[in-house]
Structures are given as structure tokens and as C-alpha cells.
Trainee: 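To start, I am sharing the structure in question, which I have written as C-alpha cells.
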Amino acid sequence: MYSEKVMDHFNNPRNVGEIENPSGVGTVGNAKCGDIMRMYLDIDENGIIKEAKFKTFGCGAAVATSSMATELVKGKTIQEALQVTNKAVMEALDGLPPVKVHCSLLAEEAIHAALWDYAEKNNIKIEGLQKPVNDIEEKIEEEY
Amino acid sequence: MIYLDNAATTRVTEEVFEQIKPYFCEQYANPSAIYSFAGKAMSAVDEARKSAAELIGAESNEIYFTAGGSESDNWAIKAAAELYKDKGKHIITSTIEHHAVLHTCQYLEKQGYEVTYVNVDENGVIRLDELEKAIRPDTVLITVMAANNEIGTIQPISEIGRLAKKNGILFHTDAVQAYGHIPIDVNEMNIDMLSASGHKLNAPKGVGIMYIRKGVRIGSFIHGGAQERSRRAGTLNTAGIVGFGAAAKIAKEKLEENAKKEIALRDYLIKRVMDEIPYTRLNGDAVKRLPNNAHFCFKFIEGESLLILLDQNGICASSGSACTSGSLDPSHVLLAIGLAHEIAHGSLRLTLSTENTKEEIDFTVDKLKEIVARLRSMSPLYEDFVKQQS
């Protein structure tokens with residue numbers, strides 16, 4: 001069902017983890033739907049993304065798209081990172097099954113959310129960046 | 001490979017396969033034919049019918065062979081609704097039925113029937129008080145599964161049968177997961193119709209039965225021939241039916257022994273998982289559960305990722321997870337027992353057979369521990385949880 005690239009990024013996800021004091025961090029998705037992505041970015045004074053890390057709760061495709069998205073934005077300028085669309089993530093993974101296309105949208109959204117956080121922290125406006133849809137329930141009931 | 005998905009399907013055992021073999025190349029006659037060549041095939045079908053009946057305390061002529069559990073469920077519900085439409089158009093079922101029942105009920109709702117979906121408790125046991133209250137003068141059918149296919153909870157079928165009988169309502173049970181695995185007696189339990197499937201019981205796929213109590217006059221579902229006393233048309237699937245009978249006969253002989261063996265292994269599996277993997281929930285009733293079923297939710301992780309990683313370790317398992325079914329919603333059964341969506345997403349079903357060993361279970365739990373830990377280390381939900389704790 002998954003391409004070899006998807007399986008590779010699921011089995012050996014690149015850039016899993018957190019960044020301490022990140023330049024920007026964004027969390028998107030919804031636990032109800034079964035996918036949550038959190039992306040951390042470290043952006044230097046020239047606006048270059050030095051480091052990208054992620055954590056994801058979700059299916060194989062959700063992990064693989066997060067992994068690929070971090071790979072695609074690393075070393076890029078903010079404007080270049082904005083060009084990393086869901087289509088670009090999908091193509092880099094040699095495609096996704098139709099029911100998993102939403103995972104690539106989530107990856108794009110995670111990049112935007114992290115950049116939005118960076119812009120807010122630095123009180124700047126990033127050309128072409130919309131406020132991301134932030135649609136997750138952070139609360140987890142303590143029922144155990 | 002370690003096969004732990006016996007609720008999905010089972011292996012045809014050599015013992016069963018040996019009995020089926022002659023009915024492909026040698027005894028290929030259409031059992032309904034008049035010449036003597038067909039005689040052996042027909043007597044094999046009769047023998048199988050007898051075994052299928054004896055397993056549930058029924059008479060041979062109350063057993064009808066079908067193409068499987070889904071057909072039997074469709075037949076029972078649609079034909080009962082049709083038969084009693086002048087008496088009433090109300091059906092009672094539960095919220096945790098298999099889709100073969102739920103979707104059939106939803107189909108009937110579109111045809112003008114009313115359906116009450118009775119709730120279950122947190123272990124997945126139907127609420128009998130709610131069921132009793134749901135009964136109305138125009139109720140014509142109660143259909144409740146004998147045991148749940150996901151979480152393995154065994155339903156109080158005798159009590160439901162008693163309620164149905166007291167109120168003069170037909171009672172159908174989908175026994176696909178229960179038939180041959182737990183004791184069922186259609187007379188003691190007042191069951192009027194029962195669906196079962198061969199491939200959950202070491203028989204081939206594509207064959208099932210419907211038990212219809214003598215005197216229950218529901219009509220045909222598959223039209224076109226005089227087979228099965230004109231109630232189910234279609235050339236008899238001799239090999240499949242023989243396989244069904246062989247498996248039913250073995251199941252009757254070994255029911256207690258098999259259940260005992262599976263329960264010991266199941267409880268060992270459950271204990272190890274619950275002791276060794278934190279933030280885990282056992283779903284379904286601890287005692288009133290199918291001998292071969294273990295079902296868990298692992299908090300903070302998602303089921304499909306878990307299944308892929310188990311598969312990479314040679315372990316076949318399943319999940320009620322949304323991703324595997326192509327829908328975004330988690331299992332209706334897990335939501336019905338009151339789980340939050342994000343917890344329901346992290347589910348895992350392991351269903352055993354008597355062929356599984358303790359070594360296989362140990363290997364599986366060892367791998368499961370590693371996999372759950374790995375997925376949690378990647379999970380933002382777990383990260384938040386850990387931060388809240390500190």
C-alpha cells in the first residue's frame with residue numbers, strides 16, 4: 001500500500017525529536033482524527049532554517065510525511081520553506097494512497113504553523129504566510 | 001511468522017483439508033442430481049449438516065448452508081423484517097454489532113423500519129434494562145451478537161433469548177465469533193435464528209450457516225432453485241460444506257479443551273502486556289470474553305503504525321484503527337464503550353488459536369514493548385504528558 005520511500009521514512013524517520021528553545025514550533029492536526037504533528041524549527045539570523053525536528057502521533061503516512069517535510073525545509077530560507085507544499089512532500093515520497101493525502105496536507109500545515117510561531121515571536125510578518133488552522137485538542141483525559 | 005489474527009480468519013487445518021479434498025476432482029457431482037454418482041456428495045452434505053446442528057443443539061433440518069456470516073445476517077434480518085411488516089416495523093439491536101448487522105439495519109431504516117440501538121457498558125456488555133425498555137408492541141426482531149468481534153465480550157444471550165420469548169419476538173444472534181468457541185444451545189438460549197461462518201473455525205472461506213428454528217417462516221433471500229428445502233438457492237458448495245461440517249465436529253469434541261488452552265495463553269498475554277506496558281487499557285470484559293481474544297489500547301500512539309512495525313517483526317495482528325479501514329473515525333465499538341477518540345486510535349487486537357505457543361506470545365510481548373516505547377518517543381501527545389507530569 002505504501003511506496004518504498006514512505007516505508008523508508010516510516011522505518012527510519014529523519015529528524016525525530018525536539019529542539020530546545022526553538023525559533024518556532026507548531027502543532028497541527030487533531031487527536032480525534034488520529035493525526036497530530038509537531039514541528040520545531042531553528043532559524044538563524046539570516047532567516048535560514050538550520051535545524052528541523054518533529055514529533056508525530058499518527059499512521060505510517062503521517063510519520064513519513066513529517067519526516068520528509070523536515071528534510072525538505074532544512075537549509076532553506078523561510079520563503080523557500082513556504083514553497084514546500086503538500087504536493088512537494090507527496091512527490092518526494094513517490095506518492096501516497098488516496099486516503100492518506102490528508103497526511104501531506106498536515107505536513108504542509110505543520111511547517112506553516114512553526115513559521116507562524118517564529119513570526120509572532122519576532123514580531124515580523126512573513127510574506128504569503130496565512131495564520132495556520134490550529135485544530136487540535138491538547139487535553140488528554142486522565143483516565144488511567 | 002506469528003499469526004495472531006484468528007478473529008479475522010483461521011487456517012484450514014490438515015485434518016479438515018483431508019476431508020474436503022475428494023470433493024474437487026473426484027466427487028465433483030452436483031449433490032442435487034438424481035444419478036447415483038451424486039449420492040456420495042449428498043450424503044457428505046447431510047453429514048456436515050448434522051455436525052453443524054449438533055454443535056448448537058439444533059436439528060439437522062434447521063441448518064441452512066450459506067456463503068458466510070454476512071449473508072446469514074442479511075438474510076435473517078431482512079427476511080424477518082419482511083415477514084412481520086404487518087405486525088410491526090421495529091427492530092432492536094446493539095451499538096456494537098458487526099457491520100453486516102448494523103448496515104443491514106441502516107438499510108431497513110431507509111425502507112421505513114425503526115431500529116433501536118441499545119447501548120453497552122464500559123466492558124461492552126449490552127444493557128439489559130435498556131433492551132427491555134426498548135421492547136414495544138410493534139417490535140418484531142431482536143438481533144444481538146453472541147460475542148463481539150473486536151473486544152471479544154460475550155453477550156448475555158440466554159437473558160436476551162428469555163426476554164424475546166416472553167414478549168413473543170424473534171431473536172437472531174450473529175454468532176460468527178462464538179460458534180464453536182463457546183458453548184451455545186439454541187433451545188436453552190431461546191435462539192430463533194443464528195449466523196455462523198466456517199472460516200473462523202478452521203473451515204474454508206465462503207461457507208456459513210444460518211440456523212432457523214422450525215416454525216420460523218422467514219422467506220428466501222437468494223432465489224433461483226430448490227436447494228436447502230427451497231429456502232436458499234444455489235448449487236451446494238460441497239467442498240466448503242464438508243469442511244464446515246468437519247470443523248464443527250472437531251470443535252464440538254474439543255470445545256472445552258481448546259477453550260481451556262486458549263484462555264491460559266490469553267490470560268498470560270494479557271497479564272504480561274498490562275504489567276509491562278504502562279498507560280495501557282484492556283478493552284472488553286476480563287471474564288466474559290472469548291477464549292482467544294485480547295484487545296488493548298496503548299495511550300499516546302496510533303494503531304496503524306503499531307501494526308506495520310509488528311508486521312516487520314513477522315507478527316500478524318489487527319487494530320480497530322481508522323487508518324486500516326480507510327475512514328477517519330475509530331472503531332464504533334471502542335467509541336460505544338466510552339473511549340475517547342485519541343485513545344481508541346491506539347488499539348490492537350490479538351486473537352489466538354490453539355496452535356500458538358507461549359514462546360510466540362513472549363516474543364510478541366517483547367517486540368510490542370519496544371514498538372510502543374519507540375512510537376511514544378515520537379509522539380507529541382506523550383511529550384505533553386511527560387511535561388505535565390514533571
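Atoms considered below: every heavy atom in the structure, side chains included; atoms not considered: hydrogens, waters and symmetry mates. Keep in mind the model is a prediction, meaning the values are calculated, not measured. Within every chain, numbering begins at 1; the chains are lettered A, B, ... in the order of the sequence lines, protein sequences first and strands thereafter.
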Trainee: So which of B:S379, B:P380, B:S377 actually passes side-chain contact (heavy atoms from CB on, under 4.5 Å) with A:K55?
Mentor: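 Among B:S379, B:P380, B:S377, the one meeting side-chain contact (heavy atoms from CB on, under 4.5 Å) with A:K55 is B:P380.
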
Trainee: Report the residues that fulfil side chain to side chain contact (heavy atoms under 4.5 Å, CB included) with B:Y268, sequence neighbours left out, ordered by chain and then residue number.
Mentor: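 Only B:R272, B:K358, B:I361, B:D362 meet the side chain to side chain contact (heavy atoms under 4.5 Å, CB included) criterion with B:Y268.
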
Trainee: Partners of A:A62 by side chain to side chain contact (heavy atoms under 4.5 Å, CB included), sequence neighbours excluded?
Mentor: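 By the side chain to side chain contact (heavy atoms under 4.5 Å, CB included) rule, A:A62 matches A:D35, A:M37, A:T56, A:C59, A:C103.
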
Trainee: Tell me, yes or no, whether the heavy-atom count around B:K110 atom NZ, taken from other residues, nucleotides or ligands under 6.0 Å, exceeds 12.
Mentor: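 No, not enclosed.
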
Trainee: Does the side chain of B:I308 reach to within under 4.5 Å of the side chain of A:M7, using non-hydrogen atoms?
Mentor: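 B:I308 reaches A:M7 side chain to side chain.
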
Trainee: So which of B:H345, B:E383, B:M378, B:R376 actually passes side-chain contact (heavy atoms from CB on, under 4.5 Å) with A:F57?
Mentor: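 Among B:H345, B:E383, B:M378, B:R376, the one meeting side-chain contact (heavy atoms from CB on, under 4.5 Å) with A:F57 is B:H345.
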
Trainee: Give a yes or no on this: more than 12 heavy atoms of other residues, nucleotides or ligands lie within 6.0 Å of atom NZ of A:K76.
Mentor: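 More than 12 heavy atoms, drawn from other residues, nucleotides or ligands, come within 6.0 Å of this atom.
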
Trainee: Do A:P13 and B:R374 come within less than 4.5 Å of each other through their side chains, counting heavy atoms only?
Mentor: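 Side chain of A:P13 against side chain of B:R374, heavy atoms only: contact under 4.5 Å found.
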
Trainee: Would a 4.5 Å heavy-atom cut-off, applied to side chains only, mark B:D384 and A:R38 as touching?
Mentor: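 Touching, per the 4.5 Å side-chain cut-off.
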
Trainee: Check whether more than 12 heavy atoms from other residues, nucleotides or ligands sit under 6.0 Å from atom NZ of B:K271, and answer yes or no.
Mentor: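 At most 12 heavy atoms, drawn from other residues, nucleotides or ligands, come within 6.0 Å of this atom.
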
Trainee: Is it true that a side-chain atom of B:E304 and a backbone atom of A:G60 form a donor plus acceptor pair closer than 3.5 Å?
Mentor: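 Indeed, once roles are kept as given, a pair shorter than 3.5 Å links the two residues.
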
